[in-house]
Amino acid sequence: MTMQPLMNTYNRMSVAFDYGQGAWIYDTDGHKYLDALCGIAVTGLGHAHPAITKAISEQAGKLIHCSNLYSIPLQQELAAKLASVSGMDNVFFGNSGAEANEAAIKIARRYGHNRGVDKPTIIVMENSFHGRTLATLSATGNRAIQAGFEPLVSGFVRAPFNNLDAIRQIASNNNDVVAILVEPIQGEGGIHVPSNEYLEQLRAICDENDWLLMLDEVQTGNGRTGKYFAYQHTSIMPDVVTTAKGLGNGFPIGACLARGAAAEVFGPGNHGTTYGGSPLACATALAVVNTIVEDKLCEHAASLGQYILDGFHIQLADAPYVKEIRGKGLMIGIELTDAGTELAVLAKVKGILLNITGGGRVVRLLPPLIMSQNEADLMIHTVSKLIRIYAGDEADA
Ligand SMILES: *Cc1c(COP(=O)(O)O)cnc(C)c1O
């Protein structure tokens, strides 16, 4: 067998896409698919959004890159915009979610050292996902992602998600803890929404102990859950917020936002990246943030998301193989009683893109923020039917 030129890191489906338009994407054979996944929460504004195409093409013809050795007005403009939508103080730009989390982890460690903690430790959750770099995979609560890459990065201690007692217990017997890193809603783990008071109580525990509350909003950010950031459903402010995915609508950009003491941890030389915050990345993300705000897409995501959840509750009300339907905004999970790995392939055949996560049992839908109610109806109908066919409850006509 001849060696394939691509490293074998993905189980890819046998389809290749040619172009997209709004909530739709077209393969190289001309078939069209309703994109209910958005490249995993990335293309929130859909495909070929005119404001994004314009921002990219105009900036590409002007200046793509110049280096962080120089001042970059578009970077300052984007930082100010993100600070205003989030209430945070300042921003570091990288190129991905993992990089944004690396920045957060470095902030926490340096914050700890500044306070005399020699082995600063970060509390992370079971079932979490924070990325694939060595530090972020060590923070991730999924053994399959870590296996074979030991030695892991030290300085993490793990607690069950949505469990405050476990955090209080760690607080009472670990003096090295300096921060909590947590997803406001677990995405890769299977769309797990914690109790309403979870973030608020984590904030209180962090305040009592002088820990940083660091939220990984790589997936939940940029309007996905019906607020610009998911913590904005609560009354609390985090110390650090990371985001990426929907921020560039497909153009690679990640951001680590900080507030208060956390915002003053880094000085020149403490962190950096060649590409981060390039004029092109920032022009694109500015167009994304402005579009989300001006077109009131957070509000739309909130109401359409509720409409979709209600729709699935009705359509799948009597389905015994559906364990739970949950989510917030346009982050929706349908947990099955059994593995549903093949469902993504079946869905593709029926003209809809979705994926299966949470150990193979959760159908994950991350439709675009620009989805219409008609498209949502089609998605609810098609996915419900698919699940019934898959479970053998309905014939495949
Ligand atoms: C996708 C994701 C990441 C990693 O982002 P990359 O851009 O793939 O590095 C980190 N955290 C969460 C919550 C994610 O969903």
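If you're wondering where the values come from, they're calculated on a predicted model, not measured in any experiment. We count ligands from 1, going down the list as the structure has it; atoms in each ligand are counted the same way.
Annotation: ligand 1 has protein neighbours S96, G97, A98, N101, F129, H130, G131, E183, D216, V218, Q219, K245, each with a heavy atom less than 4.0 angstrom from the ligand.
The pair R361-E335 counts as a salt bridge, with a side-chain nitrogen and a carboxylate oxygen less than 4.0 angstrom apart.
Put simply, the side chain of E58 never gets that close to the backbone of A283: no donor and acceptor are under 3.5 Å apart.
In terms of the salt bridge (Lys or Arg N to Asp or Glu O under 4.0 Å) criterion, residue partners of D207 (sequence neighbours excluded) are, by chain and number, R203. By the side-chain contact (heavy atoms from CB on, under 4.5 Å) test, A41 is found to be paired with Q219, R224, K245, L366, residues two or more places apart in sequence or in another chain being considered.
The distance from the OG atom of S278 to the CD1 atom of I64 is 8.5 Å, given to the nearest 0.5 Å.
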Would you tabulate the side-chain donor-acceptor contacts of residues 149-156 under 3.5 Å, counting partners in other chains and residues two or more places apart, or write 'none'?
unit_1: E150; atom_1: OE1; unit_2: G148; atom_2: N; d: 3.0
unit_1: E150; atom_1: OE2; unit_2: R143; atom_2: NH1; d: 3.4
unit_1: E150; atom_1: OE2; unit_2: R143; atom_2: NH2; d: 2.8

